[in-house]
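Take a look at the structure set out below.
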Amino acid sequence: MSTDTPYADIARNGVWTQNSILAQLLGLCPLLAVSSTFVNAFSLGLATIIVMLIANLAVSVLRTFIPYEVRIPIFVLIIAALVTVVDLAFNAFLHDLYLILGIFIPLIVTNCIVLARVEAFAAKNGVRAAAFDGLMMGVGFLWVISLLGLIREFIAQGTVFSGIEMLIPGVHGINLLGDDYPGFLIAILPPGAFFVLGFMIAGSNWWETRTARLRANDIAIAMEASSR
Amino acid sequence: MSDEQQPAPLYAEQSVVKVSARTAGILLLFTLAFTALMAGMHTATEPRLRASAQAEKHRLISDVLPSSSYNNDLLQDRVTLPANAALGTASDTTVYRARRDTAPVALVLEAVAPDGYSGRINLIVAIGNDARLIAMRVTQHRETPGLGDYIDPKKDRNKARPWITQFNGVGFEQFGPEKWRVKKDGGAIDQMTGATISARAVTNASRRALEWATTHRTALFAHVSGTRFTPGPADEEQP
């Protein structure tokens, strides 16, 4: 099992093909609420990776003990308990980091991508594959929410990476459009998140359709060539 | 026919009961195990959490009140304040009393703005014995990130002069109670365009806190440390 686990497939699924946001549209609540700036979005993404990794790991370890009929309540229980434990541990042992990520950790409970991966993958796969899947799904969430935050922040305030001094002391955000940029309010409000996300999903669908068409063309050409 | 059929459902029923009981038992075990995990973690981290909450409180107080301005043990010199409508608090809060050589210097108290854009905004306010607001900080809020959250100087894009610092050192001599409002409401306090609600909530809460603390400061300073605040006759002496 461990020798031929398709790690490359898991990585591709998590980051692109089955991307939690672009393909599965899961976890929109925290996605839309926290993506108003890059730094907030990136922080939530990091916290999500940690929780998804641990949740998938725990469910995969315990999967043989979980009766099929009550698996969902048990998954919810495990995820909620782990989020609580992570929250407490961060607060107690990594307090500086907690001051930044702390407010985002409880939000992860509302992200159904965690439950979805636990149900669809961790409950059926080995520990290492499950942990890797959690990590990769988290990475897929991280890059999409970060990009969304970057775009929204730029449109709304004309800045990028504002507030980054909370993550990396001494580094400052860049004001690209100058102080007299009036701002574009809707981008920072929830409707703006829907608009930007819609364009991002349209872009990824366009890309997928295009590659599929090119591939179909290639196959057609190859078939034509072989039939001659 | 019925004789033959009867045992079968009975058997099936027993099995359903058995399976249900087993499943419920496992669910219960999981619940117990994970509750124990959370309880254990909570117990293990509680001393550290309490210490860091205390340190956080210290840091917040030193943000609003320079530690050079007083020389008593501020965190020990305190009065418990029951829920207070003027301050917007819904439960007991603690008022810290700063003194220099027993002379009253300032009060540090908590106030709540109930009408933020997304709910309550918690504030910590230092009010000097000269009836001026020394400084104020937001301790907890849920204002829109990047929009209303400039009330918190950490999130304010104007790092040189964050919004909330315009309250530093002002009293009703500078802005009377009718001017202690955001400009949109005809007052003297700046707000940011498009995000007036957060600023208005904080401004109004600070005005109420200053009014209340100024009226009650003598009584507040007269209480024995550690007691509960009761508005006494001392209040009547205040203008």
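What you see is a predicted model, and the numbers here were worked out from it, not measured in a lab. Residue numbers start from 1 in every chain, and the chains themselves are labelled A, B, ... in the order their sequence lines are given, proteins ahead of strands.
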Atom pairs, donor to acceptor, chain B/chain A, distance under 3.5 Å:
unit_1: B:R48; atom_1: NH1; unit_2: A:A92; atom_2: O; d: 2.9
unit_1: B:P145; atom_1: O; unit_2: A:S36; atom_2: OG; d: 3.4
unit_1: B:G146; atom_1: O; unit_2: A:Q157; atom_2: NE2; d: 3.4

Original post:
Are A:V70 and B:I26 side-chain neighbours, meaning at least one heavy-atom pair lies under 4.5 Å?
Top reply: no
Subject >> Partner set under ring-ring contact (aromatic ring centres under 6.0 Å, His included) for A:F141, not counting sequence neighbours >> reply: none
**OP:** Check the surroundings of atom CZ in B:F175: do more than 12 heavy atoms from other residues, nucleotides or ligands lie under 6.0 Å from it?
**Re:** yes
Original post:
With chain B, which of A:A33, A:P73, A:A81 has the greatest number of heavy-atom pairs at distances under 4.5 Å?
Top reply: A:A81
**OP:** Specify the closest pair of heavy atoms between A:L88 and B:M38, including all atoms of both residues, with the distance to one decimal.
**Re:** CD1-O, 4.3 Å
Original post:
Do the side chains of A:F65 and B:L29 get nearer than 4.5 Å, heavy atoms only?
Top reply: no
Subject >> Residue part contacting chain B, namely of A:I78, when any heavy atom lies under 4.5 Å >> reply: both
Subject >> Minimum side-chain heavy-atom gap B:F34-A:I74 below 4.5 Å >> reply: no
Subject >> Whether over 12 other heavy atoms sit under 6.0 Å from A:F194 CZ >> reply: no
